[in-house]
Amino acid sequence: MRIIVGAVLAAFVLVLAAAQSDLEWWKTTTLYQVYPRSFRDTDADGTGDLLGIVVKLDYFVSLGVGGLLLAPVFKSPMKDLGYDISDFEKIDYTFGNEDDFDTLVMECHTRDLKLVLDFVPNHSSDEHRWFEKSIERKNPYTDYYIWQDPKSLNETAEPIPPNNWLSVYGGSAWEFNEERGQFYLHQFHVGQPDLNYSNPLVIEEMKNILRYWLDKGVDGFRLVNVPHLMEDQNFLDEPFSNDSQFSPDEWGSLSHIYTKDLDELYSIIYGFRDVIDEKQAELGRSLLLMVEAQASLENTMKYYGQEDRTGAHFPINLNLITHFKNGTTAKDLKEIIDMWQSAMPTSAWPNWMIGSNDRPRVASRFGRDFSTAVVIMSQLLPGTAITYYGEEIDMEDTWISWKNTVDPLGCDAGPENYTEFSRDPSRTPFQWSDAEFAGFSSPESRKPWLPINENYKEVNLAAQKDDPNSPYAIFKALTAMRKNMNAVQTGHLETFTVGEKIFVFTRYLQNSNEKNVMVVVNLDQDDVTADLSRVPTLKSGGMITYHIGVNSSYTSGQDLSPYSVHIPARGSLVFLYTSAANSAALAPMLLTISVILRLL
Ligand code: GLC
């Protein structure tokens with residue numbers, strides 16, 4: 001791979017007018033999802049920990065992100081790597097202790113970084129004391145979970161599950177508990193019994209847990225798995241989906257009309273939002289509530305709120321993960337972006353995410369020749385940008401052998417099929433340097449919990465830090481734009497296509513002298529010279545006064561003709577410019593251009 005960048009990013013910040021904004025903090029920044037097991041190990045046990053995040057806080061500041069989103073660090077037997085929580089108010093010893101957490105909150109706030117927690121309301125661990133007491137039918141816990149009698153007994157006198165419901169992880173969603181003599185529901189792993197949201201006591205417990213962490217200083221939550229919160233109380237069989245790609249014990253083989261997206265669940269989320277608002281008023285701090293919902297666009301929008309009820313500040317937008325792939329045409333990409341924008345309720349706040357702990361990394365989905373183009377889009381589209389650790393240095397998925405597989409989804413699939421299901425490849429340790437264990441653990445440490453990617457000698461932060469042409473440097477430039485430019489924070493969005501392969505979007509403020517932004521993405525394997533004169537704010541052309549580029553043919557001070565803009569194969573260009581519309585009618589447009597490109 002060959003990367004050449006024209007100009008240095010330090011100067012870049014100088015050309016940006018600092019935005020004077022009174023927007024909430026989460027509207028002007030990038031949130032960085034930390035996967036704590038894989039970020040930095042300070043106690044040489046091979047697993048990342050809270051103090052590992054603390055020692056790296058200045059990294060986030062220099063990267064220009066404004067907040068951390070932490071995958072769960074609560075007490076857990078780790079059957080689903082922390083998403084199975086056995087005490088919602090305790091820190092798991094793997095990550096440290098309560099004092100370490102307090103230190104993290106304090107040190108974040110000292111640096112003006114926000115701390116947002118992943119929160120898993122749908123289920124607890126089967127080792128949670130609530131579940132243990134529920135098995136024993138000890139009140140008030142008897143109905144904290146979803147218990148049902150067997151449908152009947154089979155010919156060998158074994159209990160038959162109450163209905164055909166399937167777990168997202170495959171197989172029956174029901175597990176028989178001998179002691180209680182009933183089945184419990186688990187929509188995810190068998191070690192994750194579903195909490196019973198038709199029991200008001202459960203809802204109150206969860207609200208109190210939110211209050212607990214807010215009192216400890218956290219700045220918000222992302223609630224995951226929310227479409228599964230409620231189940232139909234008639235417990236009828238679900239119909240078949242008739243989707244032939246799924247075998248009968250796979251979750252996709254049923255149509256989930258009784259276990260997912262139930263109308264009743266949204267008011268629970270609105271109730272959680274009430275807690276956020278109540279604590280925001282009490283604590284005098286701006287707080288954030290996000291939800292992660294794998295749902296149709298129509299259902300996803302309901303999380304923003306309905307009628308007179310306010311919901312999450314936003315549901316996570318997964319469209320660039322689920323719909324955007326290699327081979328997507330410019331028209332389809334435009335549609336993917338436009339559909340979210342036009343589906344949102346009036347005045348709702350958008351967001352974009354391109355990777356997560358459940359999906360292959362962006363560099364592996366698209367290839368490293370195009371990942372920067374995707375990062376650029378996610379950072380400059382309207383709304384909050386959420387980045388998954390490692391995207392800023394272009395980390396790729398890591399091949400993991402069966403022997404080293406840890407993710408229950410992979411383990412349950414067996415040695416033949418585990419690679420199809422395991423999420424381990426996108427969860428490997430952060431590549432800090434080319435030192436032993438990529439600088440994730442000390443050399444004398446135990447082996448990291450997952451293998452380090454073999455490419456760490458080449459792909460690591462230390463190698464990129466002082467290189468103005470690196471993915472890291474480009475990422476920094478983008479966070480600076482997001483932080484400093486009103487057009488990026490609140491500017492309008494217009495999207496265009498030129499042919500099958502060129503996608504263009506502009507961000508601009510009406511009646512403002514601030515620079516506009518235009519992003520041009522070339523989805524083609526070949527260089528393209530495109531006519532962009534259709535883009536209203538570019539019609540009059542301009543002069544390049546500033547330039548960052550990878551293999552770019554442009555230089556600062558050069559005229560830019562809107563009729564023939566050259567975009568290298570799989571490249572992405574970012575132009576900053578002052579619109580001619582804001583100058584005297586015939587005055588030459590002054591363009592400030594930033595070109596960021598990557599080529600094989
Ligand atoms: C969330 C997590 C995922 C986990 C699931 C079950 O979706 O991202 O890793 O397995 O919740 O709790």
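Computed from a predicted model, the values in this text were never measured in an experiment. Both counts, for ligands and for their atoms, begin at 1 and track the order of listing.
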Look only at the side chain of Thr29 and the backbone of Gly66, and say whether a donor-acceptor pair between them is shorter than 3.5 Å.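 Side chain of Thr29 to backbone of Gly66, a donor-acceptor pair under 3.5 Å: yes, one is there.
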
Regarding Arg211 and Asn208, do their side chains bring together a donor and an acceptor under 3.5 Å, going by distance alone?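 Yes, because at least one side-chain N or O of Arg211 sits under 3.5 Å from a partner of the opposite role on Asn208.
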
Return a table of donor-acceptor pairs under 3.5 angstrom between the side chains of residues 33-43 and protein atoms on other chains or two or more places apart.
residue, atom, partner, partner atom, Å
Gln33, NE2, Asn357, OD1, 3.4
Ser38, OG, Arg427, O, 2.5
Ser38, OG, Trp449, NE1, 3.1
Arg40, NH1, Phe440, O, 2.7
Asp41, OD1, Asp43, N, 3.1
Asp41, OD1, Ala44, N, 3.2
Asp41, OD2, Asp45, N, 3.2
Asp41, OD2, Gly46, N, 2.7
Asp41, OD2, Ser441, OG, 2.8
Thr42, OG1, Asp49, OD1, 2.8
Thr42, OG1, Asp49, OD2, 3.3

Below 3.5 Å only, please: the N or O atoms of ligand 1 paired with protein N or O atoms, distance on each line.
residue, atom, partner, partner atom, Å
ligand 1, 7 (O), Asn225, ND2, 3.0
ligand 1, 7 (O), Asp358, OD2, 3.4
ligand 1, 8 (O), Asn357, ND2, 3.3
ligand 1, 8 (O), Asp358, OD1, 3.4
ligand 1, 8 (O), Asp358, OD2, 2.5
ligand 1, 9 (O), Asn357, ND2, 3.4
ligand 1, 9 (O), Asp358, OD1, 2.7
ligand 1, 9 (O), Arg423, NH1, 3.3
ligand 1, 9 (O), Arg427, NH2, 3.3
ligand 1, 10 (O), Asp80, OD1, 3.3
ligand 1, 10 (O), Asp80, OD2, 2.7
ligand 1, 10 (O), Tyr169, OH, 2.6
ligand 1, 10 (O), Arg423, NH1, 3.0
ligand 1, 11 (O), Asn225, OD1, 3.0
ligand 1, 11 (O), Asn225, ND2, 3.1
ligand 1, 12 (O), His123, NE2, 3.0
ligand 1, 12 (O), Asn225, OD1, 3.0

What class does the angle between the rings of His256 and Trp251 fall in, given that below 30° is parallel, 30 to 60° is tilted and above 60° is perpendicular?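 Ring orientation, 0 to 90° scale: parallel.
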
Side-chain donor/acceptor pairs under 3.5 Å, residues 263-270, sequence neighbours excluded:
residue, atom, partner, partner atom, Å
Ser267, OG, Glu264, O, 3.2
Tyr270, OH, Lys302, O, 2.6
Tyr270, OH, Gln306, NE2, 2.9

Could you list the residues that satisfy ring pair (Phe, Tyr, Trp, His ring centres under 6.0 Å) with Trp402, not counting sequence neighbours?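 In terms of ring pair (Phe, Tyr, Trp, His ring centres under 6.0 Å), with neighbours along the sequence ignored, Trp402 is linked to Tyr418.
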
